[in-house]
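All figures in this text were calculated on a predicted structure; none of them were measured in a lab.
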Amino acid sequence: MGGSFDPFHLAHLNSLLTVKEKFNLDYVLLIPSFKTPLKHETIEINPFHRLNMLKQVAENYPFLLVDDQEINRKGVSYTYKTVGELLKKRKQEELFFIIGLDQFYIFDQWKNYERILQKTDLIVTSRPRAQFPKRLSDLPLGLKALVKTRKSDHIVLKPVKDLSKRKNKTIYFCKLKDMDISSSDIKKRLLEGKEFSHLLPKEVDLYIKENKLYTAQAKAPDHTRVLMEFSVKELKKKKAYDIKFYDFRNKPLPFSFAVIAIASNTRQTVAIANHLKKTIKERFDLAPWSEEGKESAKWIVLDYGDLIFHIFYDYTRKFYNLEKLWQSCLMDS
């Protein structure tokens with residue numbers, strides 16, 4: 001199981017325990033990434049801290065092993081390279097790759113994803129509020145042509161010529177007991193001074209507190225309002241229009257402020273998002289916690305913890321009409 005593990009939390013642990021028991025695995029390798037390819041310059045804690053947190057957890061679970069090859073390799077972490085290195089050392093072992101359902105739906109965007117499917121079986125774990133694919137049409141586009149047979153709980157892939165001596169590879173779907181926990185939510189709680197210990201293994205909780213991780217990373221100098229006012233000027237420079245502020249401080253949401261801006265086309269949404277990240281980084285030394293939507297570019301979300309930016313292609317904004325939902329929270333701009 002690979003990932004940023006930033007930080008490793010109880011939903012990760014729940015996934016590993018469930019998968020190990022259901023598939024009768026001998027052990028599970030945890031492989032922290034050095035830099036995750038699809039996270040677009042988001043904040044990640046120093047990789048050696050993330051590695052150390054995993055090692056702390058593994059000490060209490062004999063079936064867990066921690067592999068540091070991606071951190072030692074540095075650069076962008078590509079799973080196909082990691083799988084190749086594992087098989088050099090473990091040629092006689094049957095290898096399963098554990099992946100969350102959210103990542104499965106964009107799996108065909110992973111670099112050389114076909115190579116991964118040639119060499120490993122895939123175990124796809126459920127996520128809250130997301131459904132496993134019910135039909136062939138629900139699969140990621142790049143996977144549809146690889147399917148030989150489709151069952152309710154697994155997919156058998158077509159044989160690969162250069163691996164004809166091996167059995168056909170399979171994608172298994174594994175239902176977990178729902179735990180609605182995410183690393184980004186934990187980091188927001190840390191930033192806002194909310195309780196978070198119940199979401200983490202005790203070893204990770206203690207390590208974060210001892211090393212004072214996360215708490216200082218997302219706070220801009222001065223107040224969030226300063227960051228918003230700066231951002232609006234930058235949005236206007238890139239010809240964004242219909243820019244509005246929203247104040248959610250009295251609402252039960254995991255962030256306090258939002259900014260919405262409109263672009264004339266999808267190329268402009270990407271240009272605006274890139275410019276905003278660049279200038280905020282230069283001015284405040286901040287990077288977003290996460291970024292979503294850049295692939296389709298119809299609706300890009302930049303998450304800075306207490307402040308969220310929504311950059312819409314104009315047609316998409318009209319379709320979702322967030323203003324109507326948020327009108328009561330509108331700030332004077």
Side-chain angles (χ1 to χ4, degrees), residues 1-18 28 30-33 35-36 39 41-61 64 66 71 98 100-103 125-130 176-221 223-224 227 247-258 284-292 301-309:
M1 183 177 184
S4 57
F5 302 115
D6 188 27
F8 184 89
H9 50 67
L10 289 179
H12 288 133
L13 186 59
N14 172 58
S15 174
L16 298 175
L17 293 170
T18 304
V28 177
L30 293 174
I31 309 177
S33 60
K35 180 175 175 58
T36 308
K39 286 202 173 178
E41 301 177 11
T42 57
I43 290 176
E44 288 182 354
I45 284 294
N46 183 297
F48 297 99
H49 280 309
R50 295 187 281 111
L51 176 65
N52 288 335
M53 284 190 276
L54 293 182
K55 288 180 177 179
Q56 297 277 333
V57 174
E59 287 182 2
N60 291 320
Y61 295 90
L64 283 182
V66 180
I71 287 178
I98 305 168
L101 184 56
D102 55 334
Q103 287 297 310
T125 57
S126 61
R127 293 294 297 268
R129 298 180 298 279
L176 304 176
K177 179 182 178 181
D178 281 348
M179 297 184 72
D180 198 359
I181 303 173
S182 71
S183 296
S184 59
D185 287 341
I186 291 169
K187 287 184 283 192
K188 287 178 183 177
R189 283 179 168 272
L190 280 157
L191 170 65
E192 295 166 4
K194 296 179 180 177
E195 182 53 47
F196 60 89
S197 298
H198 61 293
L199 305 175
L200 302 169
K202 62 180 183 299
E203 302 86 359
V204 174
D205 177 34
L206 182 60
Y207 187 92
I208 288 173
K209 290 173 179 175
E210 286 181 345
N211 291 276
K212 297 180 173 59
L213 302 182
Y214 300 106
T215 53
Q217 289 201 21
K219 293 186 177 179
H223 298 290
T224 303
L227 175 57
D247 185 347
F248 295 105
R249 284 175 292 184
N250 296 320
K251 302 293 179 180
L253 294 171
F255 54 91
S256 299
F257 301 96
F284 298 101
D285 194 27
L286 294 176
W289 287 119
S290 63
E291 177 179 356
E292 299 177 10
V301 180
L302 301 178
D303 180 355
Y304 283 85
D306 210 33
L307 172 62
I308 309 290
F309 292 95

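Heavy atoms only, all atoms of each residue included: Asn60 and Lys202 are closest at ND2-NZ, 4.3 Å. In this structure, Tyr304 and Trp289 approach most closely via the heavy-atom pair C-CD1, 3.4 Å. The two residues Pro32 and Val66 come nearest to each other via the heavy atoms CD-CG1, 4.4 Å. Across all their heavy atoms, Ile71 and Ser33 have their closest contact at CG1-O, 4.0 Å.
Here OG1 of Thr125 is found 9.0 Å from CG of Asn14. Values are rounded to the nearest 0.5 Å.
Between Val28 and Tyr61, every side-chain heavy-atom pair lies at or beyond the 4.5 Å cut-off. Between Ile308 and Asp303, the closest side-chain pair of non-hydrogen atoms falls below 4.5 Å. Inter-residue side-chain proximity for Leu213 and Met53 is flagged as met; some heavy-atom pair is nearer than 4.5 Å. The side-chain heavy atoms of Phe196 and Lys187, taken from C-beta on, include no pair separated by under 4.5 Å. Side-chain contact between Ser197 and Lys209: present, with at least one pair of heavy atoms (C-beta onward) separated by less than 4.5 Å. Between Pro7 and His49, the closest side-chain pair of non-hydrogen atoms is not below 4.5 Å.
Relative orientation of the Phe8 and Phe5 rings is tilted, given thresholds of 30° and 60° on the angle between their planes.
Under the 3.5 Å distance criterion, with hydrogens and angles disregarded, no donor-acceptor pair is assigned to the side chains of Asp6 and Ser183.
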